[in-house]
S.K.: 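Sharing a structure, written as structure tokens. Questions coming.
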Number of protein chains: 2
Amino acid sequence: MRILDKISFKEQTFKLREDAILDAAHRLLAQKGFDLMTMDEVAADVGIAKPSLYKHFVSKEQLVGAAMIRLIEGALDFVDQLPPAESPLAKMKLVLGWALRVRLGGGLPYLPATSPQVREMLTKNMGYVTKVLKLNDLLSDIVALGKKAGELRSDLPDEVILFSFYARSCDPAVDYLRLYSALDNETIIAHMITGCFDGLAGAPKVTVAGSR
Amino acid sequence: MRILDKISFKEQTFKLREDAILDAAHRLLAQKGFDLMTMDEVAADVGIAKPSLYKHFVSKEQLVGAAMIRLIEGALDFVDQLPPAESPLAKMKLVLGWALRVRLGGGLPYLPATSPQVREMLTKNMGYVTKVLKLNDLLSDIVALGKKAGELRSDLPDEVILFSFYARSCDPAVDYLRLYSALDNETIIAHMITGCFDGLAGAPKVTVAGSR
DNA sequence: GTCTATAAGGAGATAGAC
DNA sequence: GTCTATCTCCTTATAGAC
């Protein structure tokens, strides 16, 4: 029994360290992107040596893939726990607000792959692709319901709405507003949400921003 | 006189080669991004040796800066030659349509700097910053006129409209639609323009897309 | 001004002691 | 499992012949 406890303890610390590695990778990825994030930095950030890092993840690509999978899992959880009573449009605003808060808190956009190389790398990662497709299915359903309810524009193809929605979660305008404007985070989020769904043109719109 | 002609000829070929280098850099930047574009590739693409490249541009950063400056100059030209009779909103749609066509033709978004490192590099390049500020002034004027005319939402700060507008010119949704949808380029552009200004929510909108 | 050949340094990945 | 020290490859940049 003592032996089992010891193994379990080892496993626990192993898991804890793995989480710490993923946390560090997540933050560094958000800060510097894939190319500029070095394995040396990740190891230094966690406080371990680089070879120890490679005991957990066999390559940089595997490490980044694991970090991205954890991110998508978070998005899946959030979508799963959306209040069923909300309308499709309100749900989408909640999801976008959540994703933007993650980013403004120093995290990654939950569907980045903005660089061709990273996109290709991730599309080869079956675990990642599976989860992304799952998330995409959930959001596709919401879009379909929103169109049927007249809340989303039926003249736009589903894919245009979906990809534009994803793109808003990693919109560079957010970075620029954070850097060069005096607006606080929640104001930025509210503007981005209304800008996404109501557009930039026309008369002032009254919009319910995604609640925390 | 013959000597002068010879000098002039040399200068002409020098200028031609420089343009060829910038063309190659532009295309490779669009394809692979700053980090993955190597000076070897640029030289090979132009058909010259790497040291010759360094006779034209003292560093990779200078080369990319020059390419970006040429890009912004193109945008300034386009904005300068907008039909004065058009409304502010129509002008913005024309500019966005133009920028998206450049990208779908294999070029760069005319205001990228999506990666922190590249952004920092460019903000240190005074020639670049000067031109960007010039472009920003022109567009700010258009935005102000658009708000006054009731064509743009007066409840959104100018900076939100401007940055969102810039961001649409490098929207990753365009890449995803090109890769994963069956839509042709002009349809993608039309959808992106109406999505930007009219939003994703609500009833179908009738929009005049930017004309070629 | 252009080339061949090479320096200098960084980053992913690993060997081998403990 | 973790560390120190090292390998190897790639990329920016340059020296020196022509």
Side-chain angles (χ1 to χ4, degrees), chain A residues 3-22 24-25 28-29 31-67 115-118 120-122 124-125, chain B residues 3-22 24-25 28-29 31-67 115-118 120-122 124-125:
Chain A
I3 293 178
L4 283 179
D5 281 345
K6 198 169 183 182
I7 290 175
S8 163
F9 175 74
K10 264 196 179 178
E11 281 172 353
Q12 274 184 24
T13 60
F14 191 85
K15 184 73 171 62
L16 280 177
R17 176 163 291 192
E18 198 150 297
D19 275 340
I21 294 173
L22 288 175
L28 289 170
L29 273 178
Q31 275 175 26
K32 330 185 68 169
F34 180 78
D35 298 316
L36 266 63
M37 180 195 85
T38 70
M39 296 297 266
D40 288 272
E41 275 175 323
V42 176
D45 196 288
V46 180
I48 61 175
K50 192 160 47 165
S52 307
L53 195 55
Y54 278 90
K55 295 289 180 187
H56 289 263
F57 300 96
V58 298
S59 72
K60 185 180 182 181
E61 300 203 345
Q62 286 290 316
L63 169 58
V64 172
S115 110
Q117 67 168 312
V118 177
E120 193 179 352
M121 178 190 90
L122 289 175
K124 287 176 186 162
N125 186 323
Chain B
I3 293 178
L4 284 178
D5 281 346
K6 198 170 183 181
I7 290 174
S8 165
F9 175 74
K10 264 196 178 178
E11 282 173 353
Q12 276 183 23
T13 60
F14 191 85
K15 184 74 171 60
L16 280 179
R17 177 163 292 192
E18 197 148 298
D19 275 340
I21 294 172
L22 288 175
L28 288 170
L29 272 178
Q31 275 176 26
K32 330 185 67 169
F34 180 79
D35 298 316
L36 266 62
M37 181 196 84
T38 70
M39 296 297 265
D40 288 271
E41 273 175 324
V42 176
D45 197 288
V46 180
I48 61 175
K50 194 161 45 167
S52 308
L53 194 55
Y54 278 91
K55 295 288 180 186
H56 289 263
F57 301 96
V58 298
S59 71
K60 185 179 181 181
E61 301 203 346
Q62 287 289 316
L63 169 57
V64 172
S115 110
Q117 68 169 309
V118 177
E120 192 179 353
M121 178 191 91
L122 289 175
K124 288 176 185 163
N125 186 322

S.K.: Heavy atom of residues 42-52 of chain B under 4.0 Å from DNA chain D: which residues?
M.R.: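 Correct list: Lys50(B), Pro51(B).
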S.K.: Is there a donor-acceptor pair closer than 3.5 Å between any side-chain N or O of Gln62(A) and the backbone N or O of Ser59(A)?
M.R.: no
S.K.: Could you give the CG-to-P distance, from Asp40(B) to dA5(C), as a whole number of Å?
M.R.: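 Distance check: Asp40(B) CG to dA5(C) P gives 15 Å.
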S.K.: Are Glu61(B) and Lys124(B) within salt-bridge range, i.e. N to O under 4.0 Å?
M.R.: no
S.K.: Does anything in residues 53-65 of chain A come within less than 4.0 Å of DNA chain C? Heavy atoms only, and list the residues if so.
M.R.: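 Nucleic-acid contacts, sorted: Tyr54(A), Ser59(A), Lys60(A).
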S.K.: In whole angstroms, how far is the C1' atom of dT12(D) from the CZ atom of Phe34(B)?
M.R.: 10 Å
S.K.: To check you understand the geometry: which heavy-atom pair defines the closest contact between Met39(A) and Lys50(A), and what is its length?
M.R.: CB-CD, 4.0 Å
S.K.: Just the rounded figure in Å: distance from C1' of dT2(D) to CG of Leu16(A).
M.R.: 17 Å
S.K.: Bend angle of the helix from dG1(C)-dC18(D) to dC18(C)-dG1(D) from five-pair axes at both ends, rounded to 10°?
M.R.: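 Taking the rotation axis at each end, their angle is 20°.
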S.K.: I'd like to know if the side chain of Lys60(A) and the backbone of Met37(A) have a donor-acceptor N/O pair within less than 3.5 Å.
M.R.: yes
S.K.: Rounded off to whole Å, could you give me the CD-to-P distance for the Glu41(A) and dA11(C) pair?
M.R.: 8 Å
S.K.: So which atom in Leu36(B) and which in Glu41(B) form the shortest heavy-atom distance, rounded to 0.1 Å?
M.R.: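 That closest heavy-atom pairing would be O-OE1, 3.4 Å.
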S.K.: What is the minimum heavy-atom distance between Val46(B) and Ala24(B), and which atoms define it?
M.R.: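 Taking Val46(B) first and Ala24(B) second, the nearest heavy atoms are CG2-CB, 3.7 Å.
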S.K.: Please assess Gln117(B) against Asp35(B) for the test side chain to side chain donor-acceptor pair (under 3.5 Å), listing each intermediate value before the final yes or no.
M.R.: CA-CA 10 Å; Gln117(B) 68 169 309; Asp35(B) 298 316; 2.7 Å; yes
S.K.: In whole angstrom, what separates Asp35(B)'s CG from dG10(C)'s P?
M.R.: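 Atom CG in Asp35(B) sits about 16 Å away from atom P in dG10(C).
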S.K.: Can you see which heavy atom on Leu22(B) is nearest to which on Ala66(B), and at what distance?
M.R.: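 Leu22(B) and Ala66(B) have their closest heavy atoms at CD2-CB, 3.8 Å.
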S.K.: At under 4.0 Å, does any side-chain N or O of Arg17(B) touch on OP1 or OP2 of dG1(C)?
M.R.: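 Looking at the OP1 and OP2 atoms of dG1(C), neither is under 4.0 Å from any side-chain N or O of Arg17(B).
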